[in-house]
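Just so you know, ligand 1 is whichever comes first in the structure, and atom 1 is the first atom listed for that ligand.
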Amino acid sequence: MKLGISSHALRLSGGIERYAMDLVDGFTALGIQPVFFAKRFDDTLPACRLVQKEQINVRWLPARYRDAWFAARLPKRQRAAGVDLLIGCNRIASADIAICGGTHIGFMRATHKQETSKDRMQIKLERAHYQHARLIVAHSRAMQTELIDDYGVAPGKIRVIYPPAAAERFSPINDERRAALRQQLGWPSDRIIFAFPSSSHERKGLPALAHFFESTDLPVTLAVVGRPLPRTWRNVQYLGYHADIEQIYQAADFTVLASTYEPFGLVGIESVLCGTPVLLADGIGSTEVLDDAAQINFGAQDAEGLARAVASAVQRVRQGTARLRQPASHISYATDTRTHAQALLDAWREAA
Ligand SMILES: Nc1nc2c(ncn2[C@@H]2O[C@H](COP(=O)(O)OP(=O)(O)O[C@H]3O[C@H](CO)[C@@H](O)[C@H](O)[C@@H]3O)[C@@H](O)[C@H]2O)c(=O)[nH]1
Ligand SMILES: O=P(O)(O)OC[C@H]1O[C@](O)(CO)[C@@H](O)[C@@H]1O
């Protein structure tokens, strides 16, 4: 069988790029070399050597037309490469398995965005994506609901399969190494650090978090990794895009997301796998798979709820009960990439 994966890019960026890379990892472990269709490749990544690269260049086009152009060119390239099972991580109209790690209608509703012609183009392409695929893999139950209610997808076509995380990257370290890492990052031992990995600050709740952190008297710091910050705040530190993000999780006391729309939130499981519990706003997809020891929840729009959640996190750290010594036991599914790749193939066999 010749397996294809389509995605925006094979490079480090946000969640869906991470997911596509984890698919490469998982299929490689199963002895399958995927053909990878993308607009861009970062050739310094080891993943690029594990795939047959098929680039579809869209750079010459204005941004708004790129996705549709990519989707239109893809079928010919699929046939030429002899692909007989295509997994679509981006919106295309020729995938056999469509991955749903977010819907545009759900995103627009949750973030109260005014619809423009660009959004309508995205939604049209997205409908074609879901319609063409024989199987849709939703990254959370919330996505399953959006697919049925907002896109009219037949429930029988959808399977919820949670996304994986690379275990060799995301794992706990011992206390000594952790203390050294914290020192390296300039984090005093009496400071309680909340990591905030984000490539989309507005959607992931930076305004509410920054407002709380700048005005609290608790000895807490919000450590932002990913996109640069628009300004500075008291108790908020920016660490840049950190290639070895696992070190941030390993060294931090908690990881926090106050997202208004978060289909899954890989950040949640990556942090827990590193032994670091999470503060997650209600409704974030990964809250479905974590137990109470691993997470503290609050309402994304509830300032007092956030304050209570941070206070209870601080209390756990002070009591020495925060860290998770057996990370996998707090997550309801097997997170390794190989199991995920196999689950996709099994679901495909059932659907075909
Ligand atoms: N190396 C590195 N990685 C980073 C950094 N900042 C963020 N990331 C990575 O970017 C990813 C963020 O993933 P998510 O938490 O899942 O959020 P997203 O970018 O909004 O992803 C979207 O697609 C996911 C997959 O379906 C969904 O899980 C998610 O909810 C959302 O829709 C994680 O893998 C995280 O490690 C950084 O500074 N450095
Ligand atoms: O807040 P961000 O990172 O721009 O993400 C928004 C994106 O999320 C999606 O709703 C799906 O994940 C896209 O349609 C939308 O462009």
S.K.: Number the atoms of ligand 1 from 1 as they appear, then name those within less than 4.0 Å of a heavy atom of Arg18, with their elements.
M.R.: 34 (O)

S.K.: Just go through Ile248, Ile245, Leu257, Ile284 and tell me whose heavy atom is the nearest to atom 4 (C) of ligand 1.
M.R.: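 Among Ile248, Ile245, Leu257, Ile284, the closest heavy atom to atom 4 (C) of ligand 1 belongs to Ile245.
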
S.K.: If hydrophobic clusters are built from ILVMFWY residues whose side chains come within less than 4.5 Å, do Ile123 and Tyr261 share one?
M.R.: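 Different clusters: Ile123 never reaches Tyr261 through Ile, Leu, Val, Met, Phe, Trp or Tyr contacts under 4.5 Å.
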
S.K.: Which residue holds the protein heavy atom closest to atom 35 (C) of ligand 1, what is that atom called, and what is the gap in Å?
M.R.: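 Nearest neighbour among protein heavy atoms for atom 35 (C) of ligand 1, to 0.1 Å: Glu270 OE1, 3.4 Å.
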
S.K.: Would you say the side chain of Pro277 lies within less than 4.5 Å of the side chain of Ile296, judging by non-hydrogen atoms?
M.R.: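 A side-chain contact under 4.5 Å is absent here.
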
S.K.: Would you mind checking if Asp175 and Arg323 are paired as a salt bridge, meaning a charged N to carboxylate O distance below 4.0 Å?
M.R.: no

S.K.: Among all protein non-hydrogen atoms, which one is nearest to atom 6 (C) of ligand 2, and what is the separation to 0.1 Å?
M.R.: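 In this structure, atom 6 (C) of ligand 2 has Phe107 CE1, 3.3 Å as its nearest protein heavy atom.
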
S.K.: Applying the side chain to side chain contact (heavy atoms under 4.5 Å, CB included) test to Leu85, which of Ile32, Leu344, Ile97 qualifies?
M.R.: Ile97

S.K.: Would you kindly say whether Ser6 and Asn90 are connected by a side-chain donor-acceptor distance under 3.5 Å?
M.R.: yes

S.K.: Ignoring hydrogens, just give me the one of Arg227, Glu262, Gln247 whose non-hydrogen atom is nearest atom 29 (C) of ligand 1.
M.R.: Glu262

S.K.: Step through the shown structure and confirm whether more than 12 heavy atoms of other residues, nucleotides or ligands are within 6.0 Å of CZ on Arg234.
M.R.: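 Check passes, neighbour count above 12.
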
S.K.: Does ligand 1 have an atom under 4.0 Å from some heavy atom of Ala243?
M.R.: yes

S.K.: Is the closest heavy atom of Glu17 to ligand 1 under 4.0 Å?
M.R.: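 No; Glu17 lies far enough from ligand 1 that no heavy-atom distance drops under 4.0 Å.
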
S.K.: Please state which option from Met21, Lys204, Arg203 has its nearest heavy atom closest to atom 17 (O) of ligand 1.
M.R.: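 The nearest heavy atom belongs to Lys204.
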
S.K.: Look only at interatomic distance and state if Asp244 has a nitrogen or oxygen under 3.5 Å from any nitrogen or oxygen of ligand 1.
M.R.: no

S.K.: Calculate, to the nearest 0.5 Å, the distance between atoms CZ and CG belonging to Phe27 and Leu50 respectively.
M.R.: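 Taking CZ in Phe27 and CG in Leu50, the distance rounds to 13.5 Å.
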
S.K.: Can you sort out which atoms of ligand 1 are near Gly226, meaning under 4.0 Å from one of its heavy atoms?
M.R.: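 Under 4.0 Å from Gly226, ligand 1 has these atoms: 6 (N), 38 (O).
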
S.K.: What residue and heavy atom of the protein are closest to atom 9 (C) of ligand 2, and at what distance?
M.R.: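 Nearest protein contact, heavy atoms only, for atom 9 (C) of ligand 2 is Arg91 NH2, 3.9 Å.
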
S.K.: If you round to the nearest 0.5 Å, how far is CE of Met143 from CD1 of Ile148?
M.R.: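 Here the interatomic distance stands at 12.0 Å.
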
S.K.: Please give me the minimum heavy-atom distance between Ala300 and Ala258, naming the atom from each residue.
M.R.: CB-O, 3.7 Å

S.K.: Return the closest protein heavy atom for atom 39 (N) of ligand 1 as residue, atom name and distance.
M.R.: His242 O, 2.7 Å

S.K.: Is it the side chain, the backbone, both or neither of Thr103 that has a heavy atom closer than 4.0 Å to ligand 2?
M.R.: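 It is the backbone that touches ligand 2; the side chain stays farther off.
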
S.K.: Would you sort out whether Thr116 and Asp119 count as a side-chain hydrogen bond (donor to acceptor under 3.5 Å, both in side chains), showing the intermediate values?
M.R.: CA-CA 5 Å; Thr116 65; Asp119 298 310; 3.1 Å; yes

S.K.: Numbering the atoms of ligand 1 from 1, which are under 4.0 Å from a heavy atom of Tyr249?
M.R.: 36 (O)

S.K.: Pull out every atom of ligand 2 sitting under 4.0 Å from any heavy atom of Arg203, numbered as shown with elements.
M.R.: 1 (O), 2 (P), 3 (O), 5 (O)

S.K.: For His139, state whether at least one heavy atom is located under 4.0 Å from any atom of ligand 2.
M.R.: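 It does not, in that no heavy atom of His139 comes within the 4.0 Å cut-off of ligand 2.
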
S.K.: Which atoms of ligand 1 sit under 4.0 Å from any heavy atom of Gly101?
M.R.: 23 (O), 26 (O), 27 (C), 31 (C), 32 (O)

S.K.: Would a line drawn from the ring center of Tyr19 to the ring center of His340 be shorter than 6.0 Å?
M.R.: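 Close enough - the centres of the two rings lie under 6.0 Å apart.
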
S.K.: Only heavy atoms of His139, strictly under 4.0 Å: list the atoms of ligand 1 that pass.
M.R.: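 Listed by number with element, the hits are 25 (C), 26 (O).
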
S.K.: Rounded to the nearest 0.5 Å, how far does OG1 of Thr337 lie from CG of Leu23?
M.R.: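 Here the interatomic distance stands at 9.0 Å.
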
S.K.: As a check for students: among Phe107, Tyr162, Tyr241, Phe170, identify the option with a heavy atom nearest to atom 3 (N) of ligand 1.
M.R.: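 Residue with the shortest heavy-atom distance to the ligand atom: Tyr241.
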
S.K.: Could you check atom 12 (O) of ligand 2 against the protein and tell me its nearest heavy-atom contact, residue, atom and distance included?
M.R.: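 For atom 12 (O) of ligand 2, the nearest protein heavy atom comes out as Gly102 CA, 3.6 Å.
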
S.K.: Who's closest to atom 27 (C) of ligand 1 heavy-atom-wise, of Gly15, Ser271, Pro197, Gly265?
M.R.: Gly265

S.K.: Only one of Asn235, Ile192, Val314 passes side chain to side chain contact (heavy atoms under 4.5 Å, CB included) with Leu218; say which it is.
M.R.: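 One option only clears the test, and that one is Val314.
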
S.K.: I need the single residue from Arg318, Arg178, Arg191 that forms a salt bridge (Lys or Arg N to Asp or Glu O under 4.0 Å) with Asp253. Which is it?
M.R.: Arg178

S.K.: Provide, to 0.1 Å, the distance between atom 14 (O) of ligand 2 and the closest protein heavy atom, together with that atom's residue and name.
M.R.: His104 ND1, 2.4 Å

S.K.: May I ask you to identify the nearest protein heavy atom to atom 16 (O) of ligand 1, giving residue, atom name and distance to one decimal place in Å?
M.R.: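 For atom 16 (O) of ligand 1, the nearest protein heavy atom comes out as Leu266 N, 2.7 Å.
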
S.K.: Going by heavy-atom distance to atom 9 (C) of ligand 1, choose the closest among Gly102, Ser13, Ser199.
M.R.: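 When every heavy atom of Gly102, Ser13, Ser199 is considered, Ser13 comes closest to atom 9 (C) of ligand 1.
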
S.K.: Of the listed options (Ser13, Ser200, Ser199), which comes nearest to atom 4 (O) of ligand 2 when hydrogens are ignored and any heavy atom counts?
M.R.: Ser200

S.K.: Purely on distance, is any nitrogen or oxygen of Tyr261 under 3.5 Å from one on ligand 2?
M.R.: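 So ligand 2 has no N or O lying under 3.5 Å from an N or O of Tyr261.
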
S.K.: Test ring pair (Phe, Tyr, Trp, His ring centres under 6.0 Å) on Phe194 and Phe213; report intermediate values, then the result.
M.R.: CA-CA 10 Å; Phe194 291 77; Phe213 277 81; 5.6 Å; yes

